[in-house]
Amino acid sequence: KAGVTQTPRYLIKTRGQQVTLSCSPISGHRSVSWYQQTPGQGLQFLFEYFSETQRNKGNFPGRFSGRQFSNSRSEMNVSTLELGDSALYLCASSLTSPSGGDTQYFGPGTRLTVL
Amino acid sequence: AQTVTQSQPEMSVQEAETVTLSCTYDTSENNYYLFWYKQPPSRQMILVIRQEAYKQQNATENRFSVNFQKAAKSFSLKISDSQLGDTAMYFCASTQGGSEKLVFGKGTKLTVNP
């Protein structure tokens, strides 16, 4: 079974631009979560989607948004990029269950650099 | 707010020896799950082991095992017969009840020396 895929793998943008990152979950997985990883803040939860609905949201400004499609693929968008948005963005998918706690499987990440 | 603390920023071990990585967490939930993930230099996050909080038995996966102390809110990872390929950042993480959201510790950088 193919793993979680993320595109693009690397991205360079300038301040003020916007960016869209894509994530395709493992086949059959219905939940997709996004995380931001930086040297200073570590791994921080952005949001989680299940059946096209945002189920959880982390403490990030409204410039960060996401969505999930009917095939469970997900995109996240960052508008008006700032230097501090430079990070590794990780997507993870899981089967999900009502009680939560299903194992999340991570993609290889998208390395975003904002100049 | 749920927190996860890894008190050892860096550790090293000789090949074939045993090493234990520490993790403590703070939660008010009764239903939660605990994980150890490793992130090698490739940056790919890989699941090492998963523990369900309602199970008293410690999880094991080949050379990896945990010491889960629920009352102390402690969840340490033991790696036996360390191999060079175990060199990586190790992250402890927990979920909240009814959610897939993971709260991560800051990580422990483990180096296995030949």
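Labels below follow one simple rule: chain letters A, B, ... track the order of the sequence lines, proteins then strands, and each chain is numbered from 1.
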Do W34(A) and F91(B) sit in the same hydrophobic cluster, where Ile, Leu, Val, Met, Phe, Trp and Tyr count as joined when their side-chain heavy atoms come under 4.5 Å apart? no
Max heavy-atom pair count under 4.5 Å with chain B, selected residue of G42(A), S31(A), P108(A), G58(A): P108(A)
Where does L88(A) contact chain B at under 4.5 Å (heavy atoms): side chain, backbone, both or neither? side chain
Does NZ belonging to K78(B) count more than 12 external heavy atoms closer than 6.0 Å? no
If Ile, Leu, Val, Met, Phe, Trp and Tyr residues are connected whenever their side-chain heavy atoms lie under 4.5 Å apart, and connections chain through other members, are V32(A) and V4(A) in the same group? no
Would Y90(B) and V13(B) show up in the same hydrophobic cluster when neighbours are defined by side-chain heavy atoms closer than 4.5 Å? yes
N62(B), CG: over 12 other non-hydrogen atoms inside 6.0 angstrom: no
Answer with side chain, backbone, both or neither: which region of Q51(B) has an atom nearer than 4.5 Å to a non-hydrogen atom of chain A? neither
Intermediate values then yes/no, side chain to side chain contact (heavy atoms under 4.5 Å, CB included), K101(B) and R55(A): CA-CA 10 Å; K101(B) 171 187 173 181; R55(A) 195 157 73 164; over 6 Å; no
Engaged part of Y35(A) at the chain B interface, taking heavy atoms whose separation is under 4.5 Å: side chain
Proximal component of Q37(A), with respect to chain B [non-hydrogen, under 4.5 Å]: side chain
Could you state the interatomic distance from CG (L102(B)) to CD (Q44(A)), rounded to the nearest 0.5 Å? 13.5 Å
Near K57(A) NZ, under 6.0 Å, is it more than 12 heavy atoms from other residues, nucleotides or ligands? yes
How many angstroms lie between atom CG of L90(A) and atom CD of Q39(B), to the nearest 0.5 angstrom? 6.5 Å
Side chain, backbone, both or neither: which part of T103(A) has a non-hydrogen atom closer than 4.5 Å to chain B? both
Any chain of hydrophobic side-chain contacts (each under 4.5 Å) joining L115(A) to V19(A)? no
Tell me if a side-chain donor or acceptor on Y105(A) pairs with a main-chain N or O of L47(B) at a distance below 3.5 Å. no
Answer with yes or no whether the hydrophobic clustering places F47(A) together with V78(A); edges join I, L, V, M, F, W, Y residues whose side-chain heavy atoms lie under 4.5 Å apart. yes
Please state whether the side chain, the backbone, both or neither of Q104(A) comes within less than 4.5 Å of a heavy atom of chain B. both
Other residues, nucleotides and ligands only: do more than 12 of their heavy atoms fall within 6.0 Å of CZ on R15(A)? no
A quick test of your reading: do over 12 heavy atoms of other residues, nucleotides or ligands sit less than 6.0 Å from NZ of K70(B)? yes
Is the backbone N or O of Q41(A) less than 3.5 Å from a side-chain atom of K106(B), with the two atoms forming a donor-acceptor pair by type? yes
State, yes or no, whether a side-chain contact exists between L43(A) and M45(B) at a heavy-atom distance under 4.5 Å. yes
Mind checking which of residues 79-87 of chain A sit less than 4.5 Å from chain B, heavy atom to heavy atom? none
Please evaluate residues Y37(B) and F106(A) with respect to the criterion side chain to side chain contact (heavy atoms under 4.5 Å, CB included), reporting the C-alpha separation (whole Å), side-chain torsions for both, the decisive distance (0.1 Å), and the verdict. CA-CA 10 Å; Y37(B) 282 89; F106(A) 284 80; 3.6 Å; yes
